[in-house]
Every structure is written in C-alpha cells, then in structure tokens.
Novice: 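Attaching a single structure in structure tokens format; questions to follow.
Just so we're on the same page: letters track the sequence lines, and every chain starts at 1. Computed over heavy atoms, backbone and side chain alike; hydrogens, waters and symmetry mates excluded.
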Amino acid sequence: RKEVEQDPGPFNVPEGATVAFNCTYSNSASQSFFWYRQDCRKEPKLLMSVYSSGNEDGRFTAQLNRASQYISLLIRDSKLSDSATYLCAVNPGGYNKLIFGAGTRLAVHP
Amino acid sequence: DGGITQSPKYLFRKEGQNVTLSCEQNLNHDAMYWYRQDPGQGLRLIYYSQIVNDFQKGDIAEGYSVSREKKESFPLTVTSAQKNPTAFYLCASSREAGMPSTDTQYFGPGTRLTVL
C-alpha cells in the first residue's frame with residue numbers, strides 16, 4: 001500500500017458544481033497535512049494546511065479524519081480557473097519529509 | 001521580492017555529462033529540499049537539508065549529489081550515474097523542519113531537465 005494515495009481522476013465537473021477529493025495516508029503518526037494545487041508544467045502552490053480537524057478558506061474546505069486516516073478537499077461553486085491537479089502531502093512525523101500523493105486532476109467545464 | 005528561484009528553467013544534457021541545478025531562497029528558511037516529478041506522478045524526495053553544512057538522502061538519492069554551504073543556496077548535481085534523469089526538478093524550502101505550523105514547504109518554479 002502506498003503511503004499516500006489519491007484518486008487520479010480526472011474529475012470533470014461543470015462550473016458551479018461542488019466537488020470533493022479524498023487522500024488516504026498509511027502512517028497513523030502523521031502530524032501535518034497539506035493540499036497543493038499544481039497547474040500544468042508549473043510548480044505546486046500551497047492551497048491549504050491542515051493541522052487539526054479542518055480548515056476553510058473561501059470556497060475551499062479541508063477536513064482531517066484521523067480515525068480513518070484521510071483528508072479531504074471540498075471545492076464549492078467550481079470555477080474554470082480551478083482546473084488543475086491537486087496534490088495531497090503528508091508529514092509522517094519527525095523531520096519534515098513530506099510524502100506526496102500522485103495528485104487528482106480536476107477539469108471544470110462551462 | 002522574497003521567494004525561491006531555480007535556474008535554468010530548461011536544461012538539455014548529453015548522456016554521460018554531469019549537470020548542476022541551482023536553487024536559491026531569500027526567505028531565511030532553515031530547511032531546503034529537492035524533489036523529482038515524472039509525468040503523472042507525485043513528487044519524490046531526492047535530498048533535504050535541515051541546516052547549513054548538513055544534508056540527508058531522501059528516497060531516491062542515487063545518482064545525485066548536493067551541498068549546503070550557505071543558508072540560501074542548495075544546488076543539486078545530477079551525475080552520469082543517474083540512469084533516467086529526464087524529469088521536472090523542484091526545489092522547496094521551509095522555515096523550520098519537523099515543527100507543525102512552521103513546516104510548510106514552498107516551491108521554486110522548477111527546472112525541466114532533458115537528456116538527449
């Protein structure tokens with residue numbers, strides 16, 4: 001089993017839709033969790049950090065479920081500009097070695 | 001302007017040549033990292049450094065080398081021993097290592113290396 005797993009998608013949704021991605025992790029000692037957005041051929045950019053049960057920033061909500069060992073990202077009222085790959089990253093503890101999932105691709109269409 | 005810079009943006013190398021990728025940050029971050037990304041895959045850690053003059057191997061260090069002589073600089077050398085070096089290389093930094101709330105990693109724009 002991979003340390004961090006994501007559904008690769010693609011998720012094809014119309015503008016205005018609500019979409020959710022999950023990311024599961026295998027190490028129960030993991031302490032920090034992150035969602036990054038990566039546009040085609042660009043670097044990942046931090047979207048949200050999740051240190052406790054959840055975090056909300058405008059249309060984006062991240063939640064952490066420690067019991068089931070997953071984090072989720074909810075995007076409400078999808079925009080065309082939300083089209084990108086969303087990477088989940090987990091710090092398994094100790095030194096800051098982030099483990100990345102392979103990413104989930106989102107395509108928002110008119 | 002604060003941030004992380006990487007150069008060059010594109011790099012072409014002949015087989016058997018060593019190349020060095022530059023990474024500089026002016027964020028005063030202690031920790032720096034090198035990742036490799038292949039198409040359709042997540043990022044894989046090559047090397048990381050918690051502090052000046054110290055660095056550790058990541059998950060795929062074979063065929064790579066690094067140095068950390070200055071806090072702001074963490075160059076990566078891709079040696080001829082790296083069997084499949086064509087990839088997108090990303091440098092990142094974080095304020096502190098291993099401390100929740102200060103361990104967020106920020107990325108440079110990347111270097112795309114192609115071996116001819």
Novice: With a 4.5 angstrom heavy-atom cut-off, could you sort out which part of A:Gln6 is near chain B: side chain, backbone, both or neither?
Specialist: neither
Novice: Got a sec: does the CD of A:Glu5 have more than 12 other heavy atoms crowding it under 6.0 Å?
Specialist: yes
Novice: Looking at A:Cys88, A:Gly103, A:Pro8, A:Pro44, which has the largest count of heavy-atom pairs under 4.5 Å with chain B?
Specialist: A:Pro44
Novice: How far apart are the closest heavy atoms of B:Tyr10 and A:Arg41, and which atoms are they?
Specialist: CE2-NH2, 4.1 Å
Novice: Let me confirm one number: the CD-CZ distance from B:Gln37 to A:Phe100, rounded to the nearest 0.5 Å.
Specialist: 9.0 Å
Novice: Under a 4.5 Å cut-off applied to non-hydrogen side-chain atoms, are A:Leu98 and B:Tyr35 in contact?
Specialist: yes
Novice: Does B:Gln17 have more than 12 heavy atoms from other residues, nucleotides or ligands lying within 6.0 Å of its CD?
Specialist: yes
Novice: Is there a path from B:Tyr48 to A:Tyr36 through hydrophobic residues (I, L, V, M, F, W, Y) whose side chains come within less than 4.5 Å of each other?
Specialist: yes
Novice: Find out if a path of hydrophobic residues (ILVMFWY) with successive side-chain heavy-atom gaps under 4.5 Å connects B:Val78 to B:Ile46.
Specialist: yes
Novice: Which residues in residues 11-21 of chain A have a heavy atom less than 4.5 Å from any heavy atom of chain B?
Specialist: none
Novice: Should A:Leu106 and A:Met48 be regarded as members of a common hydrophobic cluster, given that ILVMFWY residues are connected when their side-chain heavy atoms come within less than 4.5 Å of each other, either directly or indirectly?
Specialist: yes
Novice: Would B:Trp34 and B:Leu43 show up in the same hydrophobic cluster when neighbours are defined by side-chain heavy atoms closer than 4.5 Å?
Specialist: no
Novice: In terms of heavy-atom contacts, does CG of A:Leu46 have more than 12 from other residues, nucleotides or ligands at under 6.0 Å?
Specialist: yes
Novice: Of the backbone (N, CA, C, O) and the side chain (C-beta and beyond), which part of B:Arg112 lies under 4.5 Å from a heavy atom of chain A, both, or neither?
Specialist: side chain
Novice: Can you tell me which portion of A:Arg105 sits under 4.5 Å from chain B's heavy atoms? Options are side chain, backbone, both or neither.
Specialist: neither
Novice: Relative to chain A, which segment of B:Phe107 carries a heavy atom at a distance below 4.5 Å: side chain, backbone, both, or neither?
Specialist: both
Novice: Give me the atom names and distance for the closest heavy-atom approach of A:Gln38 to B:Phe88.
Specialist: NE2-CE2, 4.2 Å
Novice: Side chain, backbone, both or neither: which part of B:Gln56 has a heavy atom under 4.5 Å from chain A?
Specialist: neither
Novice: Using a heavy-atom cutoff of under 4.5 Å, enumerate the residues of residues 65-73 of chain B that contact chain A, numbered in order, or state 'none'.
Specialist: none
Novice: Is there a continuous path of hydrophobic side-chain contacts, each under 4.5 Å between heavy atoms, that joins B:Ile60 to B:Leu113?
Specialist: yes
Novice: Any non-hydrogen side-chain atom of A:Glu43 less than 4.5 Å from a side-chain atom of B:Gln6?
Specialist: no
Novice: Side chain, backbone, both or neither: which part of B:Leu90 has a non-hydrogen atom closer than 4.5 Å to chain A?
Specialist: side chain
